[in-house]
Amino acid sequence: MKMKYVVVSGGVVSGLGKGVTASSVGAVLKSCGLRVTTIKIDPYLNTDAGTMSPFEHGEVYVLDDGGEVDLDLGNYERFLDIKLTRDHNITTGKIYQAVIDKERRGDYLGKTVQVVPHITDEIQDWIERVAIKPVDGKEGPPDVCVIELGGTIGDIESMPFIEALGQFSYRVGPGNFCLVHVSLVPVLNVVGEQKTKPTQHSVRGLRGLGLAPDILACRSTEPLEEHVTAKLSQFCHVPISNIVNLHDVSNIWHIPLLLKDQKAHEAILKVLDLQRIGKVPREPKLAEWTERANKLDKLKTPVKIAMVGKYNSLSDSYLSVLKALLHASVAMERKLLVEWVCSCDLEDSAAKETPEAHHKAWKLLKGAGGVLVPGGFGDRGVKGKILAAKYARENNVPYLGICLGMQVAVIEFARSVMKLSSANSTEFDPATPSPCVIFMPEGSKTQMGATMRLGSRRTYFLANNCKSSKLYGNISSVDERHRHRYEVNPEMVPELEKAGLSFVGKDESGRRMEIIEIPNHEFFIGAQFHPEFKSRPGKPSPLFLGLIAAASGQLDLLLQQNCGIVSLNSAPRCTTNGTAVTPVKKPYAPMKKKPLNSLVNGFYANGNGIQI
């Protein structure tokens, strides 16, 4: 079967949820029996997302091959359970670099290199080359490639890509190209009615650039009224059956169900000429999605996790961490409440400069059932993260430190337990006499892009009785994704271990520390890798599962199962030497409900807010 392409574009405003829409389209098509891959086009000039601030573009998502890519690729991997490569994220920087490299080699010898045809041809060639790569672990090319065009129609930086996609639709021929245009149908508070004019103008602009939408995906706060759909159909020249309403829902796991209920799959399959070949079942199988979405809506017993970060003003900075927490909380049948604690507000200096924020930050931290310190770069807010680690260690509060979160836990342990008051990372104090964390020898201090330790690396467990090994199902090793320049100083490891800090996971050399634990603590684990990048709905990350279990009084139950990640109910499910295990659960008192600055149930909504 010839490769089919579904392009998802956006109009009117940014932040409409093109990434979630593209992921949901892929999930529905996959449930129809098709093999699906994805590509994200980002029109910015950066080669990749690796050097961007989280405040600029949200988190940097890391792939198995070490690619530092847009966070939407995380949505694709989570929704479709696939493994993408760095080439699945196309940027203007990559395209221009490829064309310039060819020009320097003489590939265009004698030609004037121009945007058309050389840039547009490179874009089309890149799409065709990457689309055939298998991403689901099976051999052979996928059936459908879903392509998300970043930005908004009309942006000047998107023009070469729009021109290329117009040419591409002609190159692949009719029946092989479907354009889904995501647009906004707002409601003005003054008049209180749904307005179609923004979408009309967006579609008109798209047509003026040589592309005509096959499917119209309309974002709105409430379901579209019937006459509004008819008006959109009339003025946008799109059949009513091809207009899909993606209104706000309680959680984004409902979006594939919305598409199915409105028979969006039938419209897409018809445009792609797939219905007549008999390969695809008529109805998508989304029973697991339905169960998962409904389960999330019904969760009532809360679990509070304090997120001690430095990029809290933009929640997308920690999007994968939030998703991993959500996956774990659903598996443990708890309603997730994330308390956003700015690490700077925990510091002693904040008590004088911003006393109210300081008091509030500590109140949130002390009121949480678990503490999570995510990764980060630079010394801003590090003192607060160290204080958070100290609070969790001294008060037996479940703690999970990721990347920098592990490093600050080591620094705090050296300072408080080993009495090395000057212990620090050379990232924050190059002249520290007690360098607990050091710059990796193979790193570069002059070239910033793609010079960290990146991608999937293997961690070997050194102890079978440690919590992290049990959470991973008592396996000997695990592959997780990394993104760091600094590491725990191997020369100080013997002293740290002698003082009571266990390094239970190391790399193949035995000199690079990957996982730490404090054995006599309820749950105190730090990981140099980023376990959030491989968490999936229905297959939560083991370390996040452990944190949620510990924070909700279910850790003993989880560890005694000792048979991998499972769904927990009241009845015993695992056996040891043929005998059923009936663990004793710790008492858990539900917290009183009160207004919280927390994540409760996110909405599939406009803007860059939390999208569960």
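As a basis for the values below, the full set of heavy atoms in this structure was taken, side chains included, without hydrogen atoms, waters or symmetry mates. It should be emphasised that the depicted structure is a prediction, and the values quoted were computed from it without experimental measurement.
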Using side-chain heavy atoms (C-beta onward) and a distance below 4.5 Å, is T37 in contact with I132? no
Whether the side chain of E148 engages the backbone of L73 through a donor-acceptor N/O pair (distance < 3.5 Å, no angle test) should be reported. no
Please tell me whether Y5 and E128 have a donor and an acceptor in their side chains that are separated by less than 3.5 angstrom. no
G151 backbone acceptor or donor facing K18 side chain under 3.5 Å: yes
Which heavy atom of R219 sits nearest to which heavy atom of L16, and what is that distance? NE-O, 2.9 Å
From CA spacing to verdict: ring-ring contact (aromatic ring centres under 6.0 Å, His included), W289, F79: CA-CA 10 Å; W289 280 97; F79 267 63; 5.0 Å; yes
Between Q528 and E487, a side-chain donor and acceptor under 3.5 Å: no
Does the side chain of R78 come under 3.5 Å of the side chain of S320 through a donor N or O and an acceptor N or O? yes
Less than 4.0 angstrom from a charged side-chain N to a carboxylate O is my criterion; do R483 and E68 meet it? yes
Would you say Y318 and E532 are linked by a side-chain donor-acceptor pair, where the criterion is simply a distance under 3.5 Å? no
Would you compute the distance between atom CD1 of I41 and atom NZ of K94 and round it to the nearest 0.5 angstrom? 11.5 Å
E103 bridged to K111 by N-O distance under 4.0 Å: no
Enclosure of R129 CZ (heavy-atom neighbours >12, cutoff 6.0 Å): yes
So that I can tick it off, tell me whether D136 and K30 are bridged by a salt bridge, with the cut-off set at under 4.0 angstrom between side-chain N and carboxylate O. no
Between E427 and F439, is there a donor-acceptor pair closer than 3.5 Å when you use the side chain of the first and the backbone of the second? no
Can you find a heavy atom in the side chain of V187 that is under 4.5 Å from one in the side chain of K195? no
Closest non-hydrogen contact found for A212 with R207 is CB-NH1, 3.4 Å
What one should report as the nearest heavy-atom pair of F533 and E77 is O-OE1, 4.2 Å
Are W340 and Y311, when compared by the centres of their aromatic rings, separated by less than 6.0 Å? no
Under the side chain to side chain contact (heavy atoms under 4.5 Å, CB included) test against I123, which residue among I95, T92, V99 passes? I95
Any donor-acceptor N or O pair under 3.5 Å, side chains D214, N242: no
Does a side chain donor of either S541 or H327 reach within less than 3.5 Å of an acceptor in the other side chain? no
Single hit among R457, K534, R458 for side chain to side chain donor-acceptor pair (under 3.5 Å) with D479: R458
Taking everything shown except K133 itself, do over 12 heavy atoms lie less than 6.0 Å from its NZ? yes
Please determine, by modelled atom types, if N176 and K4 share a side-chain donor-acceptor pair under 3.5 angstrom. yes
Derivation of the side-chain hydrogen bond (donor to acceptor under 3.5 Å, both in side chains) call for N89 and D48: CA-CA 8 Å; N89 192 191; D48 58 33; over 6 Å; no
Side-chain contact test, heavy atoms from C-beta onward, threshold under 4.5 Å: evaluate it for Y61 versus R481 and give yes or no. yes
What's the spacing between F377 CZ and K310 NZ if we round to 0.5 Å? 9.5 Å
Report the distance from atom CG of L246 to atom OG of S183, rounding to the nearest 0.5 Å. 11.5 Å
Closest heavy-atom contact between L543 and P531? CD1-CG, 4.2 Å
Strictly by modelled atom types, are H181 and S9 linked by a side-chain donor-acceptor pair under 3.5 Å? yes
Verify whether the ring centers belonging to Y108 and H118 lie closer than 6.0 Å. yes
Could you tell me whether the side chains of H484 and R453 share a donor-acceptor contact shorter than 3.5 Å? yes
Mark yes or no for whether D64, through its side chain, and S456, through its backbone, hold a donor-acceptor pair below 3.5 Å. no
Nearest 0.5 Å, what's the CD-CD distance between Q124 and E122? 10.5 Å
Is the count of non-hydrogen atoms from other residues, nucleotides or ligands lying under 6.0 Å from E288 atom CD greater than 12? no
Using modelled atom types and a 3.5 Å cut-off, is there a donor and acceptor pairing between side-chain atoms of S24 and backbone atoms of V20? yes
Assess, by modelled atom type and distance only, whether the side chains of T459 and D507 contain a donor and an acceptor separated by less than 3.5 Å. no
Considering all heavy atoms, the nearest D121-Q167 contact: OD1-OE1, 4.1 Å
So for atom NZ, which belongs to K102, do other residues, nucleotides or ligands contribute more than 12 heavy atoms lying within a distance under 6.0 Å? yes
Do you know the tightest heavy-atom contact between K138 and R35? O-NH2, 3.4 Å
Measure from the side-chain N and O atoms of T152 to the backbone N and O of G11, and report whether any donor-acceptor pair falls under 3.5 Å. no
Give a yes or no on whether the backbone of P198 and the side-chain of S202 come within a donor-acceptor separation of less than 3.5 Å. no
I'd like to check the ring pair (Phe, Tyr, Trp, His ring centres under 6.0 Å) partners of F161; sequence neighbours left out, ordered by chain and number. none
Contact check, side chains of V180 and V6, non-hydrogen atoms, under 4.5 Å: yes
Let me see the working for N245 and S220 under side-chain hydrogen bond (donor to acceptor under 3.5 Å, both in side chains), right down to the final yes or no. CA-CA 7 Å; N245 179 211; S220 61; 3.0 Å; yes
Report yes or no: does S233 contribute a side-chain atom to a donor-acceptor pair with the main-chain N or O of A230 at less than 3.5 Å? no
So that I can tick it off, tell me whether K539 and D81 are bridged by a salt bridge, with the cut-off set at under 4.0 angstrom between side-chain N and carboxylate O. yes
Whether D143 and K2 form a salt bridge (side-chain N of Lys/Arg under 4.0 Å from carboxylate O of Asp/Glu) is what I want to check. no
